[in-house]
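This report refers to the structure that appears directly beneath it.
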Protein chains: 2
Amino acid sequence: MPPEALTPDRILEATEDVLRRYGPAKATVVDVARALGVSHGSVYRHFRTKAALREAVTNRWLERSVGQLAKITAITTQPAPVKLQRWLSALFDAKRKKAGDDPELFATYGVLIEENSGVVDEHIRELIAQLREIIEEGVRAGQFAVDDTAVAAHAVFDATARFHDPCHAAKWRSPTIGDEFTAVSDLLLNGLRA
Amino acid sequence: MPPEALTPDRILEATEDVLRRYGPAKATVVDVARALGVSHGSVYRHFRTKAALREAVTNRWLERSVGQLAKITAITTQPAPVKLQRWLSALFDAKRKKAGDDPELFATYGVLIEENSGVVDEHIRELIAQLREIIEEGVRAGQFAVDDTAVAAHAVFDATARFHDPCHAAKWRSPTIGDEFTAVSDLLLNGLRA
DNA sequence: CGGATGACAGATTTCAATATCTGTTATCTC
DNA sequence: GAGATAACAGATATTGAAATCTGTCATCCG
């Protein structure tokens, strides 16, 4: 009997390791099985296809970041404009940090994200829902004036794409990127203001 | 003697044809020479390297689009907010049209653009200069209130990246993309307003 | 019987031999 | 002599045979 039972979680852990080591192009199900000391047939017992396995890894990665941001949404001691500003900053900083700390791993997840656009769409829907909550709070407090908070939240998310969408990651290394973010952020805040 | 002298322009024309036909990965200098009925050595007389040839093609393509937008900037019968709105729409429509009409060709130029980021930077600088002119006009007329028109122009350009940067092209096929653009555009206009 | 295994078929990837391409240059032509 | 050419070396791309991978399944084990 192996030291521990084979669980989806252990498989996902091993898959992340393999992806980190070999990259998205070379990581195989056989590699994952080898890392776990089992046959690849056993992996297929828990994940029906390689695509499903990669999707689960992607989901896991995205959920970790959404969780962090939800904490900012939950803070109640800040006025909405400040909270929105901080939320956007946190999203940008988190992305930039990940991209800067380990560009290779970031690129790996970039590939997974392109593969699993469905999972990403759901993730984005959650982020926009958080944004909407902050904007709604601001409307209630008379700090923001918008017709439709859902539309506004979507617009804010879209307008900051340059600072969170991985396809712009290369530009995040520019020394002026911070100023550019502030300029967009301020302009948007101003646009929402009552 | 060939029907016409071999000029840089004819070579660029032929290069565009070859790129259209074979795509960016397979288009070779030998192909271009063959299309022109000359030896590839002759092409190298006009363009020092394959990279220089591709850069010139990229430049040509980008200049065509900047030229169209400059016409909108030059119109003097519209108030600045309307002009800005129309300019952004025109940029988005032009990109979306190109991407939709011939996705393969658009992808080809997408590859060239990644190869020649220097040329693209200059192109973007020109676009932002046009934006800045419109914003300055609005500030003079008391319609816009911004500290620094250069920063504001940059911010507007960045905030609309989702609607002009080729890395977002796949999303331009969404049926709701028009509404999303309008929402961002309105939000930005509001943010600039005095 | 629930869970793991290894052998298997068809699809995909790797690798090394072969062909093509890039960029230079000595030569040719008008 | 200005402009084109073709031969060439080194770098890059293509190709097809061999290896590996994906996903299935009959079989084995506790």
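In what follows, every chain begins at residue 1, and chains take the letters A, B, ... in the order their sequences are listed.
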Of the listed nucleotides ([options]), which one gets closest to any side-chain atom of [X]?
{"X": "Y44(A)", "options": "dG3(C), dA4(D), dG23(D)", "answer": "dG23(D)"}
{"X": "L6(A)", "options": "dG23(C), dA4(C), dC21(C)", "answer": "dA4(C)"}
{"X": "R34(A)", "options": "dC21(C), dT5(C), dC21(D)", "answer": "dC21(D)"}
{"X": "K50(A)", "options": "dT22(D), dT22(C), dA4(D)", "answer": "dT22(D)"}
{"X": "T49(B)", "options": "dT22(C), dT5(C), dG23(C)", "answer": "dG23(C)"}

Rounded distance (Å) that lies between atom [atom2] of [N] and atom [atom1] of [X]:
{"X": "L36(B)", "N": "dT5(D)", "atom1": "CG", "atom2": "P", "result": "10 Å"}
{"X": "Y22(B)", "N": "dT20(C)", "atom1": "OH", "atom2": "C1'", "result": "14 Å"}
{"X": "R10(B)", "N": "dA4(D)", "atom1": "CZ", "atom2": "C1'", "result": "13 Å"}
{"X": "H40(A)", "N": "dC8(C)", "atom1": "NE2", "atom2": "P", "result": "13 Å"}
{"X": "R48(B)", "N": "dG23(C)", "atom1": "CZ", "atom2": "C1'", "result": "12 Å"}
{"X": "F47(B)", "N": "dT24(C)", "atom1": "CZ", "atom2": "P", "result": "16 Å"}

- Residues E122(B) and R125(B) bridged, charged N to O under 4.0 Å: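 Answer for the salt bridge query: yes.
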- Item | Ionic contact status for R86(A) with D93(A), cut-off 4.0 Å |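 No, no charged N to carboxylate O under 4.0 Å.
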- If you find the nucleotide of DNA chain C closest to A25(A) and the one closest to H46(A), which residue's nucleotide is nearer the 5' end?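 Whichever sits nearer the 5' end wins; that is H46(A).
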- Message: Considering every strand and a 4.0 Å limit on heavy-atom distances, what is the contact class for S42(A): base, sugar-phosphate, or nothing?
- Response: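 S42(A): base contact, heavy atoms under 4.0 Å.
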- Query: Which is true for V29(B) with a 4.0 Å heavy-atom rule: it touches a base, it touches only sugar-phosphate, or it touches nothing?
  - Reply: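 Sugar-phosphate contact only.
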- Looking at W61(B), is K98(B) sitting on its ring face, NZ or CZ under 6.0 Å from the six-membered ring centre and within 45 degrees of the normal?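 So K98(B) does make the cation-pi contact.
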- Item | 5'-most by nearest nucleotide on DNA chain D - K26(A) or R45(A) |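 Taking each residue's closest nucleotide, the earlier one in sequence belongs to K26(A).
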- Do V156(B) and L192(B) come close enough that some side-chain heavy atom pair is under 4.5 Å?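 V156(B) reaches L192(B) side chain to side chain.
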- What residues form a ring-ring contact (aromatic ring centres under 6.0 Å, His included) with F181(A), not counting sequence neighbours?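 Once residues adjacent in sequence are excluded, the partners of F181(A) under the ring-ring contact (aromatic ring centres under 6.0 Å, His included) criterion are F92(A), F163(A).
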